[in-house]
Structures are given as structure tokens and as C-alpha cells.
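Single-structure report; data block below.
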2 protein chains.
Amino acid sequence: MTAERTATLDDVAKAAGVSRATASRVVTGQGPASRHARDRVAAAVAALGYVPDAAARALVTRTGTRLAIAVIGHTAAVLDDPYVGRVLTTAAHVAAEREVGVSLHWLPLNDPGSLARLADGRGLGGLVVVNPTRPALETVPRNLRGRVVAIGVGARDVPSFDVDNRAGTEGVVRHLVRTGRRRIAMVTGPAWLPCGDRAVEAYRQVLHDSGGEPRVVPGDFTAVRGARAAAEIMARWPDTDAVFALSDLTALGVLDGLHALGVQVPGDVAVAGFDDIAFAGLSRPALTTSTHPVEEIATAAAQAVLDRHNTGRATFFPSRLVVRDSA
Amino acid sequence: MTAERTATLDDVAKAAGVSRATASRVVTGQGPASRHARDRVAAAVAALGYVPDAAARALVTRTGTRLAIAVIGHTAAVLDDPYVGRVLTTAAHVAAEREVGVSLHWLPLNDPGSLARLADGRGLGGLVVVNPTRPALETVPRNLRGRVVAIGVGARDVPSFDVDNRAGTEGVVRHLVRTGRRRIAMVTGPAWLPCGDRAVEAYRQVLHDSGGEPRVVPGDFTAVRGARAAAEIMARWPDTDAVFALSDLTALGVLDGLHALGVQVPGDVAVAGFDDIAFAGLSRPALTTSTHPVEEIATAAAQAVLDRHNTGRATFFPSRLVVRDSA
DNA sequence: CCCACACATGAGAGCGCTTCCACCGCAATA
DNA sequence: TATTGCGGTGGAAGCGCTCTCATGTGTGGG
């Protein structure tokens with residue numbers, strides 16, 4: 001019997017000379033217990049290094065209190081972007097405050113069913129899906145309905161939290177127009193990310209209003225793609241006088257690409273981004289952009305799902321124009 | 001009995017007309033099962049939308065197959081740094097490949113006991129601790145021994161994975177010396193992070209060898225702190241001709257602070273960082289730095305803990321000098 | 001002095017699952 | 001025909017915990 005076994009509640013009860021029921025009451029803090037029993041159990045817990053088994057507890061309480069965060073779209077692009085990391089850490093922080101565990105799920109883009117699979121259901125308190133596609137959201141299992149929120153685009157029964165892409169884009173493009181730019185190109189996000197559509201729409205609208213022709217180049221939120229986009233844009237439309245990228249990372253890439261081409265920023269071409277990441281203010285020229293309150297969004301999403309506060313369809317967080325040197 | 005209840009294995013067995021034991025065998029794929037039984041159970045599973053209860057399964061199998069990632073030191077600094085996000089996403093990716101879940105834990109710096117608490121033990125397959133302190137590592141519960149690795153500094157029974165801070169720092173500082181700099185200042189990482197010690201040592205050593213006096217200013221890996229550090233350095237030692245920061249983020253801040261002071265980089269003062277983050281190549285002037293193979297490190301750590309491959313004390317990943325424009 | 005009423009306690013059921021074990025039938029071998 | 005072997009199967013135990021319920025054990029009021 002010298003086998004190294006982790007202590008169970010029974011061991012604690014035996015050591016403390018009480019029943020398992022009493023030990024449980026003391027450990028969980030639920031129900032009455034005499035001073036004497038409390039002390040003895042506490043001592044036993046300390047002596048044995050007892051840690052409650054989460055699985056056993058979850059099994060009986062059925063109170064799945066764990067926040068799952070699923071990130072859709074597993075590409076290197078997502079990895080490089082500080083965005084996902086910030087969402088993760090923020091949500092984890094909110095969860096930690098409420099002493100609920102967080103589980104992380106990294107889902108491929110082309111396998112919507114994986115969302116259903118991760119829901120080993122009853123253990124889950126809620127689910128935050130980052131950057132979902134609508135089809136993926138349709139596969140959320142029924143036992144999770146009402147406990148799922150999306151960061152990005154939502155769906156039926158799935159409220160969404162996102163930055164106001166439309167207004168943010170409008171703000172930036174209007175600023176470009178206001179400062180005399182007319183031949184404004186745009187580098188979008190990845191095509192599969194539906195929330196970028198609103199931004200493209202807004203861009204087209206403002207351009208239409210100001211008599212410009214849309215010049216849209218597809219992007220993927222990476223800096224490398226931004227540099228290539230810059231070359232592409234200047235080749236196709238040499239008279240371009242401004243580039244708006246739907247991501248600061250891409251905008252910084254554009255800056256780099258333009259620099260390589262010998263194009264002056266903002267002299268020849270103005271450049272603006274979106275997100276206001278930490279580095280936006282550190283580039284030379286410092287990047288003009290519009291804020292993306294990631295922490296606020298992630299906090300709201302995590303709270304909503306944790307508080308079962310599933311009201312409303314979609315919440316858009318305001319984006320604020322930050323004018324620096326590049327535009 | 002119209003109550004909306006999630007299906008259990010019993011329900012499946014009943015619907016398929018087999019015993020629970022057989023249903024379990026089919027679902028888990030363990031043990032023999034006739035073709036006929038397999039088909040019927042599979043049909044029942046599909047019809048009922050059955051999803052196994054992870055808690056119940058974990059309770060009986062005792063095979064905690066879940067990778068826990070604990071990040072120590074919950075400060076805004078950690079949040080802004082892309083480092084943690086990259087570690088997280090990489091580790092989660094490794095775990096996903098092996099179809100094991102990942103749980104995320106955000107631990108305060110001053111409560112080492114929290115590490116013990118998160119180990120609701122038996123549900124855990126392994127634990128990766130990011131940026132631990134030695135005291136925190138001492139509190140790892142015994143039932144987890146041999147299944148814990150550290151990214152950063154390690155401890156007894158806890159192998160560590162980290163970049164070779166010493167060699168990396170040597171490389172950078174030697175480069176500065178080689179290019180004629182002699183009055184080289186260093187901005188360190190946060191004091192509680194023990195893995196920075198080796199870097200400071202290396203810096204002192206190289207300076208000693210080249211006849212320079214150490215000029216150490218404490219940092220915290222943030223850009224803001226870097227800007228302030230630049231001002232501090234130029235005030236205390238106006239003849240400084242190079243600044244080495246133990247983090248690119250800080251180095252970019254130094255660049256910014258120097259710019260504000262009207263100091264030319266690299267003309268008056270050379271600046272070098274450490275990490276080679278995505279933005280290092282995008283700053284103006286582009287940052288000279290030394291690589292920090294975060295993805296490699298996180299992958300190795302996750303694999304080690306998942307494979308129970310607990311050999312060796314510490315693995316240092318080589319850092320490669322990247323010379324750009326700032327030094 | 002006895003009953004009512006708190007409070008503290010322990011026995012035991014049961015959460016949903018895996019897995020040991022005994023069992024059954026059937027083909028292959030002696 | 002009697003014996004072995006084996007794939008397939010169901011009964012039942014039990015993982016570690018929570019929680020209901022019945023049973024003490026002490027207090028104060030009638």
C-alpha cells in the first residue's frame with residue numbers, strides 16, 4: 001500500500017475522522033459544519049495535499065463552468081497578428097476573475113463540424129467563437145444554444161461583438177478625401193472573413209459620394225501581403241494618391257512596399273490602416289489609423305457568455321480615427 | 001418526459017438495442033464489436049446528436065489528456081507583447097494536432113499557490129508554464145511531477161525551454177563593439193523574470209572584455225518604458241553611443257524616445273533589440289536585433305509535455321543576429 | 001420534565017462513463 | 001462427438017464527487 005496515489009475526498013474524511021459528506025461540505029463551503037469539523041478537515045486537506053478532482057465534481061454538479069474560446073481560421077496570418085493573442089489573453093483574464101477555466105480551440109477553416117465536436121457539451125459553460133463564418137456557426141450543437149457568442153460576424157441565436165467596421169472605414173476614407181486625396185485604393189482582409197464586407201461597402205460608398213473610382217486589392221491582414229499589394233496597386237493605378245488597408249499590419253507592409261518603390265509617404269501617397277496596434281505609432285512615418293478596441297470587445301463577449309446575457313443581435317464598438325503622419 | 005435532455009450513452013444503447021457496454025465500445029472504438037452493432041450504434045449516435053460527456057469519461061479513464069498553459073505575471077505589459085500570444089497559439093496548435101484540449105490559465109505574479117490550485121490535477125495531461133519564477137514552480141503539486149515544463153527558467157524536475165539569452169546578447173553586443181561602439185547601455189526585462197539575468201551577465205562580460213562600463217537601466221519589455229529609458233540613459237550618460245534592449249518592443253520605444261530627443265539613429269546612437277518580432281523590419285530605421293524562435297520553443301515545450309518526454313534539464317534555442325539599419 | 005426546533009452529521013444514491021469478467025454461441029480441431 | 005478457442009456481448013462494479021434525507025445531539029420554552 002505504499003503506492004503513490006493522489007488523495008481523494010475519502011482519504012481526507014478518514015484522516016479528519018469525519019464522513020465524506022462532511023468533508024465535502026467543508027471543502028466546498030456549502031452547508032453547515034461545526035468549527036471543530038472545519039478545522040480538522042482543513043488540516044487533513046493541507047496534510048494530504050488534497051485537490052478536488054474537477055472531472056468528478058463536474059460530473060455531479062452538471063455545472064459546466066468553463067469558457068471555451070474557439071479561433072477559426074488556422075493560418076500563419078492569424079498567428080502573426082497580435083489580434084488573436086489579445087482576444088485570448090483578455091478573455092482568459094475575464095474568466096480568471098470569475099474563477100472559471102478557459103479552454104482554447106484552434107479550428108481549421110474548412111471543417112465547420114469541428115465546432116460541434118469540441119462541444120463535449122456539458123462541461124462547457126459557454127463558447128466564444130473568434131472570426132467565425134456563418135456556416136461554422138450553424139453547426140453549434142443545440143445543448144450550447146444561448147451560451148455562444150461571436151467575435152466578428154454572428155448568426156441566429158449567436159450575438160456578435162465587433163468593431164464598427166463600417167463607421168471606422170468611413171472615418172478613415174473621409175479623412176483621406178478631406179485632405180485632398182481622390183484616387184484611393186483599399187487593401188481588404190481575407191475573403192472568407194465576412195465582417196470585412198461592411199468595410200468594403202463603406203469604402204465604396206464614400207468613394208462614390210466623392211466621385212472616386214474604387215480600387216480594391218485583396219489582402220490577408222499580413223504585412224508581407226501589404227508590401228505586395230502596394231506594388232500591385234502602383235502598377236495597376238500609378239496615379240493612386242492614397243492607400244487604405246483594413247489592418248495596420250498590412251498598412252505597415254504597404255508603407256514598406258512603397259518605400260521600396262521610392263514613393264514618398266505621405267507626400268506622394270497617403271497610407272492609413274485600421275486597428276491602432278501598438279506599433280502604429282512607432283512606424284516612420286507614424287501610421288494614421290482607426291482604433292479597434294479589441295480588449296473591450298473581448299471583455300464584453302466573455303462577460304456576455306459567462307453571464308448568460310444573451311440579448312440583442314450584434315454590438316458594434318465605436319472606432320476612433322487616429323491621425324498621425326502617414327495620412 | 002418531453003424535457004429537453006442531452007442524450008447519454010444509455011439513450012444511445014437503448015435506441016440501438018444493445019447494452020451500454022457495447023455502445024461504449026463502438027463509440028470509443030476500443031474493443032470488439034460486430035459490424036451490425038457498429039452500424040446500429042452509429043445510427044443512434046447520429047439520430048440523438050450524442051456527444052460523450054468529457055467529465056464522466058475523464059473520471060473513469062483517469063487519463064487526463066488536456067494541456068494546460070499557465071502564464072505567470074499578469075500585467076498589461078504581458079498583454080501588449082506579441083510573445084505570449086504566439087506561445088499560446090503555437091502550443092494550442094500542437095495540442096490540436098493531437099486532438100487534446102488546451103486550457104489557459106492566467107496567474108498573478110504574487111500568488112505562487114495559484115499554480116497548485118489550477119492543477120485540478122487528474123484532469124490534466126500536462127502543464128506548460130510560461131515565464132515562471134522559481135518559487136512558483138516549487139508549488140507544482142506532486143501528482144503533476146514529470147508532466148510540467150517551463151518556457152523561461154526551469155526548476156528541479158521541470159525542464160525548461162528558452163532562447164539562448166546569453167549567446168544572443170553576446171552576439172548583439174559584440175556586433176555593437178565590432179562596429180565601433182564602446183559606451184553601450186542596456187535596457188533589461190522586468191526584474192522578476194529570472195531568465196533575463198543570463199542576458200545581463202553576458203552584456204557585462206562583453207563590456208568587460210572590451211573595456212566598457214556597464215550602463216544598465218531596468219525595463220519591462222514595453223515600448224513606453226523603452227522611450228522613457230532612452231531619455232533616462234541620455235540624461236545620465238550623454239556620451240552613450242549604443243543602446244541594447246532585451247526586447248524589440250522596448251527597442252522600438254527607445255527608437256521613438258531618441259527620435260523625440262533629436263538623436264540620430266544610427267548616426268549618434270546605435271539601437272539594437274532582441275526577439276526579431278514582425279515589426280522589427282518595418283521600423284524606420286529598421287531594427288537590428290537577434291531572433292527569438294518563439295514558435296520553435298513553444299512547439300518543443302508542448303511536445304515534450306504531451307509526449308511525457310521529460311529528459312534533460314534545459315534546452316536553449318539558438319538566437320541569430322539580424323543586422324538591419326539601426327545598428 | 002418533555003417536546004419542539006434548531007443545527008450538525010453520516011449513510012447512501014447516483015452523475016455518465018469505461019472496463020473487468022463471465023458468458024454465449026459457433027467454427028475449428030482432435 | 002467432445003474439446004478447445006475466440007469474437008461478440010451484457011451485467012455490474014466503480015471512478016470521486018455532491019447532495020438529499022434521515023438520524024443524532026444539544027438548546028430553550030412550555
Side-chain angles (χ1 to χ4, degrees), chain A residues 3 5-42 44-45 48-66 101 119-124 141 143, chain B residues 3 5-42 44-45 48-66 101 117 119-125 141 143:
Chain A
R5 214 172 44 85
T6 60
T8 74
L9 191 55
D10 264 318
D11 300 331
V12 172
K14 216 158 294 174
V18 300
S19 75
R20 188 173 63 233
T22 301
S24 174
R25 276 182 216 111
V26 173
V27 169
T28 59
Q30 312 282 4
S34 69
R35 181 68 204 274
H36 179 249
R38 252 199 306 271
D39 290 347
R40 291 194 55 96
V41 171
V45 165
L48 275 67
Y50 170 73
V51 180
D53 183 313
R57 181 176 278 178
L59 177 57
V60 50
T61 57
R62 304 280 80 200
T63 172
T65 167
R66 208 177 81 233
D120 46 17
R122 293 157 284 242
L124 274 187
N143 60 10
Chain B
R5 213 173 44 86
T6 60
T8 76
L9 190 56
D10 263 319
D11 302 332
V12 172
K14 216 159 291 171
V18 299
S19 74
R20 186 172 64 232
T22 300
S24 173
R25 278 184 215 109
V26 173
V27 169
T28 59
Q30 311 282 2
S34 68
R35 183 67 206 274
H36 179 250
R38 252 199 306 271
D39 291 346
R40 290 195 55 94
V41 171
V45 165
L48 276 67
Y50 170 72
V51 180
D53 184 313
R57 182 176 277 180
L59 177 58
V60 52
T61 58
R62 305 281 79 199
T63 173
T65 167
R66 209 177 79 234
R117 238 173 298 126
D120 44 19
R122 293 155 285 240
L124 275 187
N143 60 11

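Below, chains carry the letters A, B, ... as their sequence lines are ordered, and counting in each starts from 1.
- Against DNA chain C, the stretch residues 14-21 of chain B makes heavy-atom approaches under 4.0 Å through B:R20, B:A21.
- Residues satisfying the salt bridge (Lys or Arg N to Asp or Glu O under 4.0 Å) criterion with A:R40, sequence neighbours excluded, are absent altogether.
- Judged as a side-chain hydrogen bond (donor to acceptor under 3.5 Å, both in side chains), and not counting sequence neighbours, A:S34 has no contacts.
- Panel note: side chain A:R57, backbone A:P52; no donor-acceptor pair is recorded below 3.5 Å.
- Contact record, B:A44 with B:V12: CB-O, 3.8 Å, taken as the closest heavy-atom pair.
- For the pair A:T61 and D:dT18, the criterion of a side-chain N or O lying under 4.0 Å from OP1 or OP2 is not met.
- Between A:L59 and B:A55, the shortest heavy-atom contact is N-CB, 4.0 Å.
- Rotation axes derived from the C1' atoms of the five outermost pairs at either end of the helix from C:dC1-D:dG30 to C:dA30-D:dT1 lie 50° apart, to the nearest 10°.
- Rounding to the nearest 0.5 Å gives a distance of 11.0 Å between NZ of A:K14 and CG of A:L48.
- For B:D10, the side-chain contact (heavy atoms from CB on, under 4.5 Å) partners at least two apart in sequence or on another chain are B:T8, B:R20.
- Near DNA chain C, meaning a heavy atom under 4.0 Å from it, residues 24-38 of chain B has B:S24, B:R25, B:T28 in order of number.
- When the P atom of C:dT19 is taken as reference, atom CG of B:L59 falls 12 Å away, rounded to whole Å.
- Between the CG atom of B:L9 and the P atom of C:dG14 there is a distance of 19 Å, given to the nearest Å.
- In this entry the distance linking CG of B:D10 with C1' of D:dG11 reads 13 Å, nearest Å.
- Contact between A:S24 and A:L9 at its shortest, heavy atoms only, is CB-CD2, 3.7 Å.
- Nucleotide D:dG16 holds its P atom 17 Å from the CG atom of B:D53, rounded to whole Å.
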